[in-house]
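Heads up, the thing below is written out as structure tokens.
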Amino acid sequence: MEKLIIHGGKCLNGTVKISGAKNSVLPILASSLLSSDQIIIGNVPHLQDVTTTISLLTEMGAHSSIDEKMRVTIDSSSIRNFFAPYEMVKTMRASILVLGPLLAHYGEAKVSLPGGCAIGSRPVNLHLEGLKSMGAKINVEEGYIIAKAKKLKGTTINLSISSVTGTENLMMAATLAEGKTIINNAAKEPEVVDLANCLRLMGADISGDGTSSITINGVSNLSGCSYNVLPDRIETGTYLVAATITGGNVTLKNTKPETLKTIIRKLEDVGAEVETTEDTIKISSDKENLRSVDLETSPYPKFPTDMQAQFITLNSVSKGRSRVTESVFENRFMHVQELVRMGADIDVKGNKATIKGVKKLVGANVMATDLRASASLILAGLVADGKTIVDRIYHIDRGYECIEEKLTQLGAVIKRVPQ
Ligand code: UD1
């Protein structure tokens with residue numbers, strides 16, 4: 001298993017280009033199953049989760065190609081089986097996103113139930129209940145969701161939790177259903193809007209995305225399209241924290257500051273200076289004068305759970321005492337014990353972490369447990385005294401494109417080594 005070795009203490013400076021959003025490209029790839037025409041997707045990040053999704057689609061019979069600009073073409077006209085096996089779903093929960101499109105276009109799907117997950121139980125009951133209310137017959141047999149529907153029917157779905165992939169799955173299913181579907185308490189994340197923008201280009205009739213009520217009028221078929229994925233706001237946020245925590249001066253280009261308002265406000269509270277244009281963010285800070293901030297994770301537009309781990313690292317070396325509340329997932333503090341091994345002073349009770357800022361962290365051997373936890377440990381390594389070795393970095397490759405190249409470009413001393 002590969003590891004990352006980081007020699008901390010370098011201040012990050014320079015410019016880095018942000019990649020396309022992981023959480024946009026995955027549902028957009030799945031949406032290709034709704035059409036028998038070619039879908040061409042641009043700004044695709046080179047990530048393990050993207051490779052897994054493309055493999056899943058090709059296993060089903062789709063044809064795919066990638067050009068030198070990482071533009072992916074998917075042709076789903078030759079889909080032969082409607083099956084997402086456990087071996088793939090267990091490595092990437094977002095595989096569940098093929099369920100709605102398969103059911104809506106082909107009338108059947110067999111998709112493995114995602115198992116437990118390092119950050120919480122993460123059930124998919126809302127996806128299944130929504131599809132059932134649209135007329136699907138769904139059984140769970142031997143760990144698989146077996147779904148059938150001659151033709152899905154539009155209805156009103158009131159989500160009890162505004163699930164992101166739940167909203168996306170149901171929105172995709174509703175594009176080809178008979179009549180009108182209204183999804184209430186829908187997720188408002190920018191990635192939901194990005195998917196809706198792509199589906200509209202394919203001919204879907206969707207309105208209200210980005211608000212808590214989405215209306216979809218079903219159409220008889222969807223065509224192909226060419227679409228560029230939104231920049232990744234979590235990758236952006238992670239580099240913003242990297243610049244702040246090291247007292248750097250960094251410009252991020254090809255990003256979308258409008259999707260990061262809450263994160264930018266928190267970084268300004270910490271003491272960073274931030275300037276934005278429509279697609280760049282410039283950030284600088286004085287690392288001796290960082291003040292820790294309280295925060296609570298919540299659905300968009302509030303503070304994202306996918307940035308919680310990175311802010312815990314930032315708070316660990318900022319002045320004062322702070323409280324971080326995790327309100328989206330029940331077990332998302334796995335990074336804390338590893339940070340404590342590096343000298344952080346953090347106490348977790350239930351879904352709250354109390355952090356007392358320390359003067360310095362010290363490099364150590366640490367273990368990544370999930371995607372964003374890995375990012376928080378790399379950030380800690382960047383600022384710690386001495387050498388940090390981050391193990392199990394396959395998690396980071398699921399969501400951060402070329403992270404060590406990008407950090408090296410900014411002046412960090414980081415390298416990947418085999419086991
Ligand atoms: C998506 C993101 C993930 C992010 C999360 C929250 C993708 C591919 N992943 O995950 O990066 O951390 O949103 O912003 O976009 N829940 C249920 N029943 C369901 C579905 C969800 O109880 O059927 C609960 C979950 O356990 C969790 C909460 O709802 O507590 C929110 O989860 P959800 O928005 O569904 O997360 P994902 O879509 O899996």
Side-chain angles (χ1 to χ4, degrees), residues 20-31 45 47-50 52-53 56 89 91-100 111 113-133 138 140 145 157-173 183 185-196 212 229-230 232-238 259-260 262-263 296-311 325-335 351 370-376 395-396 398-400:
K22 168 178 94 69
N23 288 353
S24 274
V25 73
L26 302 182
I28 288 174
L29 281 166
S31 76
L47 300 173
Q48 188 53 47
D49 277 7
V50 170
T52 305
T53 307
L56 180 57
V89 179
T91 62
M92 193 192 66
R93 303 179 54 83
S95 312
I96 189 75
L97 285 164
V98 300
L99 179 62
V111 177
L113 262 181
C117 168
I119 62 175
S121 61
R122 302 185 77 179
V124 291
N125 57 311
L126 301 172
H127 303 232
L128 304 192
E129 283 161 21
L131 291 170
K132 277 186 195 163
S133 72
I138 297 186
V140 175
I145 302 161
I157 300 168
N158 298 310
L159 292 175
S160 55
I161 303 174
S162 56
S163 160
V164 177
T165 47
T167 301
E168 291 166 344
N169 229 340
L170 298 173
M171 183 167 76
M172 287 191 281
I183 307 173
N185 195 27
K188 297 186 275 224
E189 269 66 4
E191 294 77 16
V192 173
V193 176
D194 209 33
L195 171 64
S212 56
V229 173
L230 173 86
D232 197 308
R233 65 194 164 97
I234 305 301
E235 187 198 23
T236 305
T238 303
T259 60
L260 284 122
T262 312
I263 295 168
E296 175 166 0
T297 65
S298 259
Y300 191 83
K302 294 190 177 158
F303 192 91
T305 174
D306 286 350
M307 284 300 300
Q308 177 258 100
Q310 299 89 318
F311 266 73
T325 307
E326 173 54 58
S327 301
V328 178
F329 291 113
E330 65 263 34
N331 189 27
R332 209 173 194 179
F333 283 131
M334 308 274 278
H335 40 289
N351 70 338
D370 68 67
L371 172 55
R372 307 305 170 185
S374 324
S376 77
H395 291 290
I396 202 95
R398 290 190 37 230
Y400 290 89

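Both counts, for ligands and for their atoms, begin at 1 and track the order of listing.
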Is there at least one pair of N or O atoms, one from [X] and one from ligand 1, spaced under 3.5 Å apart?
{"X": "E168", "result": "no"}
{"X": "L26", "result": "no"}
{"X": "E189", "result": "no"}
{"X": "T305", "result": "no"}

Query raised in the report: Are any of the heavy atoms in H127 under 4.0 Å away from ligand 1?
Result: yes

Query raised in the report: side chain to side chain donor-acceptor pair (under 3.5 Å) with Y400: which of R372, K22, E235?
Result: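 Exactly one candidate clears the test, R372.
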
Query raised in the report: Excluding sequence neighbours, so at least two apart, what forms side chain to side chain donor-acceptor pair (under 3.5 Å) with S212?
Result: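 For S212 there are no side chain to side chain donor-acceptor pair (under 3.5 Å) partners, ignoring immediate neighbours.
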
Of the backbone atoms (N, CA, C, O) and the side-chain heavy atoms from C-beta on, which set of [X] has a member under 4.0 Å from an atom of ligand 1: side chain, backbone, both, or neither?
{"X": "Q308", "answer": "neither"}
{"X": "V164", "answer": "both"}
{"X": "I161", "answer": "side chain"}
{"X": "L126", "answer": "both"}

Requested in this report: Kindly indicate whether the side chain of P45, heavy atoms from C-beta on, has any atom under 4.5 Å from the side chain of D232.
Outcome: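 No, every pair of side-chain atoms sits at 4.5 Å or beyond.
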
Query raised in the report: So, the side chain of N351 versus the backbone of S327: is there a donor-acceptor pair under 3.5 Å, distance only?
Result: no

Query raised in the report: Which residue from T167, D370, N23, V328 reaches closest to atom 9 (N) of ligand 1 through any of its heavy atoms?
Result: N23

